[in-house]
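One structure is given below, encoded as structure tokens.
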Amino acid sequence: SSVLFGQGGVENKTFLQAFGYDPSGFYRPVGQVLLWAIFQFAGHHAPAYHAVNLVLFGLIVLFFFAIFVRLTKDRPIAFLGALLYAVHPLNGMIVNYVTARSLAAFVLFTQASVLCFMRFCEEGRQPRWIVLSTGAFLLALLSHEMSLVIPVYLAAYIFFMGKEKGWRPFLYLLPFAGVVLLFMAVRMKASFFPFIIQGTGKAMGDPSGYFTTWFDLVSWYLSKLIVPREVIFLWSVRYGAALFPVKFIIFTFALASMAYWALFRSEKGWRPFALVIFTVGIVPSVFAAFSYYPKVWPMLEPHWFYFSQMGFFLLAAGLLMKLVRQYEPWGAVSCVLIVAALAVLAWDYNARWKTQESYARYWISLNNGNLTPYYSLGRSLIDQGNCRGAVQVFEEGVRQLDYMNG
């Protein structure tokens, strides 16, 4: 709410001021301008923001369907992949979180960049498509920093889906590399990148603890993709090196197996491409997870992967559709049951967002390793006039996270 309303929010800013707004060290002007524009029409009417988020989420699902159709040339698989994305609880934050406009913009412009690049490769190398793709990439960068990995996605597309052989097609990525260099040069001193560098450097001072902590965070995310119960939009873990040898062996075996399958056992096509997109999308977390360490516990936010997890849903759709086609009718029944189960879990998760207080209490009950839910709960109690309760919540958070000694 502080980003939206009040003296520090977009409520009291002009268009140009909203574009230059940099709350908490994050410079995401496209999302800020979008929020400013919505405020001009919706004001303090909260349901209107959810309605806009719902429309944006619908567009995201639609564009994923378009991407999946182009990749697979199989509409049933494309439809099922988009449907799985739509009903999965992890993706509900785009609708439920009032100010999730930057996330929606980040995904939409990433989709636009990839789609335009695909058309460029498939439709005679028309220059307009590479220009549009590069422009969408820039807008994605100005929506969320995770967009920095887009050129790698495009390189993977050239390698697994491209028709040209050799190194020449990769020259088409030079405009994207230029945008990355410009963005990093401009934002390195004025954004949260220094925090990432400092926190990651501190964590890397203990390699086993650094790896194990990151492994635990990613394992939580993967577990919620497969069995999405007790989902929250930010998960924290205490830094440590427990069971490092075991986790390192598991990671090495899994990575080697995926690389071997994608590069040697599987023919080039959409399946290895989807696997690489999903895997590459997780890579930035090796830095982002430690942005504020050691003052704050290492954390992972599933919305970092709202584009790259398309690879997971596309592979899942391909597997389920194979079952449907080979084992009628039981394959179809199983597929329907899985989609229905995800929808029920999403419905339950959405209900947790009913009020700020209800979600904060739900978050603390699952993971008390971050101060954010304590702050949200305290603000909610203050709004209710319960200042004593707010103080108790704040003291509990400080004590739990040992902020006094941090």
Side-chain angles (χ1 to χ4, degrees), residues 46-69 71-72 74-98 100-101 103-104 107-108 111 220-235 274 278 281 301-355 358-359 361-363 365-367:
Y49 295 89
H50 290 298
V52 172
N53 286 349
L54 185 60
V55 171
L56 294 175
F57 185 66
L59 290 174
I60 288 171
V61 174
L62 181 63
F63 281 127
F64 271 132
F65 173 72
I67 292 174
F68 293 164
V69 167
L71 288 174
T72 65
D74 188 320
R75 285 183 174 272
I77 289 179
F79 175 79
L80 181 56
L83 180 62
L84 291 172
Y85 188 97
V87 300
H88 199 285
L90 272 180
N91 302 321
M93 179 188 170
I94 292 182
V95 177
N96 292 314
Y97 197 59
V98 172
R101 74 286 158 210
L103 301 178
V107 179
L108 285 168
Q111 291 174 316
W220 173 84
Y221 166 65
L222 296 177
S223 71
K224 297 309 172 186
L225 266 179
I226 299 171
V227 183
R229 293 184 62 254
E230 299 182 340
V231 171
I232 54 177
F233 78 86
L234 189 157
W235 187 262
F278 177 61
E301 303 176 44
H303 58 260
W304 293 344
F305 318 118
Y306 273 0
F307 176 82
S308 62
Q309 66 190 23
M310 61 159 269
F312 172 84
F313 292 111
L314 186 54
L315 289 171
L319 178 61
L320 289 174
M321 192 54 61
K322 184 177 181 179
L323 294 175
V324 169
R325 289 165 175 168
Q326 289 187 357
Y327 302 103
E328 285 282 4
W330 298 113
V333 171
S334 300
C335 185
V336 170
L337 289 176
I338 289 173
V339 172
L342 287 175
V344 170
L345 290 170
W347 183 277
D348 177 72
Y349 179 58
N350 293 343
R352 306 288 184 178
W353 290 81
K354 184 176 182 180
T355 66
S358 65
Y359 192 82
R361 292 189 183 280
Y362 171 68
W363 184 346
S365 71
L366 296 178
N367 184 264

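Owing to the predicted nature of the structure, the values given are computational and were not obtained by experimental measurement.
Using modelled atom types, no side-chain atom of His88 and backbone atom of Leu342 make a donor-acceptor pair closer than 3.5 Å. The closest donor-acceptor contact from the side chain of Ser358 to the backbone of Arg352 lies under 3.5 Å. Between the side chain of Tyr349 and the backbone N or O of Pro228 there is no donor-acceptor pair closer than 3.5 Å. Side chain of Asn91 to backbone of Tyr85: a donor-acceptor contact under 3.5 angstrom is found. The backbone N or O of Leu90 lies less than 3.5 Å from a partner atom in the side chain of Tyr306, making a donor-acceptor pair.
Here the CD1-CZ distance, from Ile60 to Phe63, works out to 10.0 Å after rounding to the nearest 0.5 Å. Put simply, CZ on Phe313 and CZ on Phe64 are 9.0 Å apart, with the number rounded to the nearest 0.5 Å. To the nearest 0.5 Å, atoms CE (Met321) and CD1 (Ile77) are separated by 6.5 Å. Here the CZ atom belonging to Phe68 is positioned 5.0 Å from the CG atom belonging to Leu314, to the nearest 0.5 angstrom. Between the CD1 atom of Ile232 and the OG atom of Ser365 there is a distance of 8.5 Å, given to the nearest 0.5 Å. In this structure, CG on Leu62 lies 12.0 Å from CZ on Phe57, to the nearest 0.5 angstrom.
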Given the rule in the side-chain contact (heavy atoms from CB on, under 4.5 Å) test, do Asp74 and Val69 qualify, once you have shown the distances and angles that lead to the verdict? CA-CA 6 Å; Asp74 188 320; Val69 167; over 6 Å; no
Determine whether Tyr359 and Phe233 satisfy the following criterion, side-chain contact (heavy atoms from CB on, under 4.5 Å), listing intermediate values before the conclusion. CA-CA 10 Å; Tyr359 192 82; Phe233 78 86; 3.4 Å; yes
Apply side-chain contact (heavy atoms from CB on, under 4.5 Å) to Ser334 and Leu323, showing your working. CA-CA 9 Å; Ser334 300; Leu323 294 175; 5.9 Å; no
CA sep, side-chain torsions, deciding dist, call: Leu225, Phe278, side-chain contact (heavy atoms from CB on, under 4.5 Å): CA-CA 12 Å; Leu225 266 179; Phe278 177 61; 3.6 Å; yes
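Residues Arg325 and Pro76 meet the side-chain proximity criterion, which asks for heavy atoms closer than 4.5 Å. Between Leu54 and Ile94 there is no side-chain heavy-atom pair separated by less than 4.5 Å. Residues Val107 and Met310 have side chains not in contact (no heavy-atom distance under 4.5 Å, counting atoms from C-beta outward). At least one side-chain heavy atom of Trp353 sits less than 4.5 Å from a side-chain heavy atom of Met93. Side chains of Trp220 and Pro302 form a contact here, defined as non-hydrogen atoms less than 4.5 Å apart.
Side-chain contact check for Glu301 and Tyr221: no donor-acceptor pair (N or O, by modelled atom type) lies under 3.5 Å.
Here the shortest heavy-atom pairing between Leu84 and Ala316 reads CD1-CB, 4.1 Å. The shortest non-hydrogen separation linking Leu234 to Asn367 is O-OD1, 4.4 Å. For the pair Glu230 and Tyr362, the tightest heavy-atom approach, listed with the atom from each and the gap, is CA-OH, 3.2 Å. Nearest heavy-atom pair, Val61 versus Ala82, reported as atom, atom and distance to 0.1 Å: CG1-O, 3.6 Å. Minimum heavy-atom separation, Ala346 to Pro89: N-CG, 3.6 Å.
By the salt bridge (charged side-chain N to carboxylate O under 4.0 Å, His left out) test, Arg75 pairs with no residue at all, sequence neighbours left out. In this structure Asn53 satisfies the side-chain hydrogen bond (donor to acceptor under 3.5 Å, both in side chains) test with no other residue, sequence neighbours excluded.
Taking the six-membered ring for Trp and thresholds of 30 and 60 degrees, Phe65 and Phe79 have ring planes more than 60 degrees apart, a perpendicular arrangement.
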